[in-house]
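Throughout, a chain's letter reflects where its sequence line sits, starting with A, and its residues are numbered from 1.
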Amino acid sequence: MRYSKLFIPTLRDDPADAEVVSHKLLLRAGYIRRVTSGVYDYLPLGLRVLRKIESVVRDEMNMAGAQELQMPMVQPGELWEKSGRMEKYGPELLRFKDRHGHESCLGPTHEEVICDLVSRELRSYKQLPMNLYQIQNKFRDEIRPRFGLMRGREFIMKDAYSFHADEDCLAAEYKNMFDAYCRIFTRFGLKFRPVEADTGSIGGSDSHEFHVLADSGEDLIAHCGACEYAANVEKAVSNRQAAVADQTELNMVDTPAVTSAEDVADFLSVDIALLLKTMVYRIIGGANDGSIVAVCVRGDDQVQEIKLAHVVGADSVEMATDAEIASIGGVTGFVGPQNLSSRILLDHSLEGATGLAAGANHQDAHVTGLDIARDITSAEFFDLRQTRTGDTCVHCGGDIALSRGIEVGQVFALGTRYTKPMEVLFQDQQGKRSVATMGCYGIGISRLMAAIVEQCNDDAGISWPLTLAPFSVGLISMGKSNAVLEASESIYSRLKEAGIDVLWDDRKERPGVKFKDFELIGLPFQIVVGDRGLNDGQVEAGWRKNERRPVPVADIVSVVMSELQPVEMEN
RNA sequence: CGGGGCGUAGCGCAGCCUGGUAGCGCAUCUGGUUUGGGACCAGAGGGUCGGGUGUUCGAAUCACCCCGCCCCGACCA
């Protein structure tokens with residue numbers, strides 16, 4: 001491809017509204033443009049990268065035995081009514097009526113559609129298992145789209161759905177997909193980590209997320225330094241060294257206008273870990289929708305709201321209002337676990353604790369010497385705290401550390417969560433009607449593009465891995481002497497004939513401009529043709545990251561082939 | 001939706017406080033000189049100052065409303 005004919009609108013300055021490096025670079029290097037909040041154009045360079053990402057994913061999915069199909073973006077409301085998610089999915093599901101007044105929505109995911117399809121065609125266990133996938137646009141009306149491709153409203157996802165006659169078969173496919181995902185992210189050359197995950201709004205039993213490690217990641221993951229354990233903090237469990245204090249009398253003390261855990265600890269001169277922090281939540285969804293619960297953790301811990309939601313069987317939880325706190329006998333800022341009329345849930349780390357300071361449920365007062373076993377009636381203990389650094393691993397006792405990650409894939413063992421309501425039934429080996437079990441497996445294709453840039457960049461721009469670069473080779477001709485033009489033209493066509501993806505910068509620009517643009521765009525290998533070397537029958541060639549070396553014009557194609565080939569073989 | 005910030009030429013910004021009809025750098029176009037790391041000279045084009053209403057002789061500037069964008073929280077591939 002000739003640069004002069006390609007639409008690559010590069011920018012000198014960082015766009016003011018881009019925050020993370022991938023967003024800035026993809027915009028500046030002319031890969032994407034914003035259309036509206038969370039919705040982007042993929043320009044020619046961006047599309048080329050997308051296609052390469054897709055082809056690796058396709059390759060591995062096909063090799064793992066899955067088959068590709070394509071489902072629609074527009075979905076009928078009935079399907080969502082049937083699965084029960086019309087109500088549950090919430091405002092993220094973009095709904096609309098067509099001209100006939102028919103309830104429709106834009107597909108944020110495709111469990112309903114695939115179940116509908118499979119339920120119509122599935123008769124016998126002999127048709128199982130099967131794994132169907134697509135690479136397609138999704139739309140989720142995100143509360144807050146941000147960071148460019150990282151969290152768009154419209155995005156591209158590879159989603160696969162598998163159906164099975166029994167649990168064992170599902171487990172085997174889950175493992176199969178897990179392994180395929182590891183191969184995919186390895187082929188991209190990414191630093192990634194599979195972690196145990198909460199199943200979120202999709203539901204199901206088992207789930208793992210695949211995270212690309214990056215400081216700009218929106219997720220926090222906990223991992224053990226000594227063993228393989230890793231989990232999203234929404235789910236991570238860990239042991240903590242609990243601070244202990246002697247058993248003492250229960251006392252009420254004045255703490256005028258001292259409310260936060262830090263301030264109370266300072267004011268009373270006690271270790272913040274010997275504080276008991278009480279948070280009051282309202283339950284959203286589920287059997288106890290609307291009811292209020294009190295939750296206690298140590299002063300230096302945070303309540304993990306996802307864990308809490310699971311414990312109380314809620315869709316989610318929200319902090320209670322002052323009035324709601326008062327309704328259970330609490331006083332905002334001074335809430336404690338004693339004499340509350342609501343359910344009181346305590347984190348395991350508080351079981352048997354003594355000598356604690358806590359809110360007194362009186363204005364401007366706390367209690368000291370609180371003894372959980374002695375002073376709290378009807379306490380229930382659960383894992384409710386968020387794992388933090390300094391905790392130890394429940395499996396091996398090793399130290400837990402936290403990292404930031406970008407979630408680029410997730411696998412779910414869904415069981416019959418969808419197949420039951422959607423009536424995906426078949427006749428089993430005994431001739432009985434049976435519900436299929438299901439798994440689903442997603443990879444965020446467009447998000448991956450951003451995640452890769454997060455890991456592959458430097459001060460000058462993007463630094464694509466060879467397998468994903470929009471072009472493998474950038475050919476830069478310098479000056480406009482006929483010798484340079486002719487040599488460039490001939491090298492360009494010889495490279496093309498050899499099957500190498502080459503971008504020839506034939507523009508009438510000064511060398512500096514060309515170098516800067518190529519480094520910004522991030523092509524992995526460069527060839528420079530200039531009068532200086534041409535006089536000795538040479539051009540320069542080299543990887544973006546290294547120095548270029550002189551190469552005889554006659555050898556350039558074979559040199560490029562031998563440089564590029566071994567790298568491609570590794571992948 | 002709650003909290004903070006912003007909206008002036010394609011991009012990055014100044015002007016606003018203290019009203020007088022818009023400016024800088026980059027980019028673009030023309031001519032010339034340049035040509036191994038974002039050139040130089042000369043000239044040119046491009047803006048209903050996010051939108052509306054109001055105050056005023058006069059509004060980019062002041063007030064109110066709306067819209068859009070970005071950042072922090074709840075969501076997820």
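Across all strands shown, A42(B) pairs with U30(B); the Watson-Crick or G-U wobble distances both stay below 3.5 Å. C49(B) is unpaired under the Watson-Crick or G-U wobble criterion, no partner having all donor-acceptor distances under 3.5 Å. A 3.5 Å limit on both hydrogen-bonding distances identifies C67(B) as the Watson-Crick or G-U partner of G7(B). The base-pairing partner of C1(B), taking Watson-Crick or G-U wobble contacts with both distances under 3.5 Å, is G73(B).
Counting non-hydrogen atoms under 4.0 angstrom, Phe147(A) reaches the backbone sugars and phosphates but no base. The residue Gln410(A) sits close only to the backbone: its heavy atoms come under 4.0 Å of sugar-phosphate atoms, none of a base. Counting non-hydrogen atoms under 4.0 angstrom, Glu318(A) reaches nothing in the nucleic acid.
Surrounding CZ of Arg51(A) are at most 12 heavy atoms belonging to other residues, nucleotides or ligands under 6.0 Å away. The number of heavy atoms from other shown groups lying within 6.0 Å of CZ (Arg2(A)) is above 12.
Taking atom C1' in both C57(B) and C41(B), the straight-line distance is 46 Å, to the nearest Å. G20(B) sits 16 Å from C49(B) when the C1' atoms are compared, rounded to a whole Å. Comparing G4(B) with C66(B), their P atoms sit 16 Å apart, to the nearest whole Å.
For C71(B), the base has no donor-acceptor partner in the side chain of Arg146(A) [N/O atoms by modelled type, under 3.5 angstrom]. Side-chain to base pairing of Asp219(A) with C76(B): one donor and one acceptor N or O lie within less than 3.5 Å of each other. Contact of Lys480(A) with U35(B) (side chain to base): a donor-acceptor pair of N or O atoms is detected under 3.5 Å. Side-chain to base pairing of Arg151(A) with C75(B): one donor and one acceptor N or O lie within less than 3.5 Å of each other.
With sequence neighbours excluded, the residues that form a side-chain contact (heavy atoms from CB on, under 4.5 Å) with Ala160(A) are Met61(A), Asn131(A), Tyr133(A), Lys158(A), Tyr441(A).
In this structure, a donor-acceptor pair under 3.5 Å is absent between the side chains of Gln386(A) and Gln302(A).
Ring to ring, Phe210(A) and Phe178(A) are close: their centroids are under 6.0 angstrom apart.
Mapped onto RNA chain B by nearest heavy atom, Glu19(A) and Glu305(A) fall at different nucleotides, with Glu19(A) at the one closer to the 5' end.
In this structure, Phe155(A) packs face-to-face on the six-membered ring of A77(B), meeting both the 5.5 Å centre cutoff and the 30° plane limit.
The side chain of Arg144(A) contributes an N or O atom lying less than 4.0 Å from OP1 or OP2 of C71(B).
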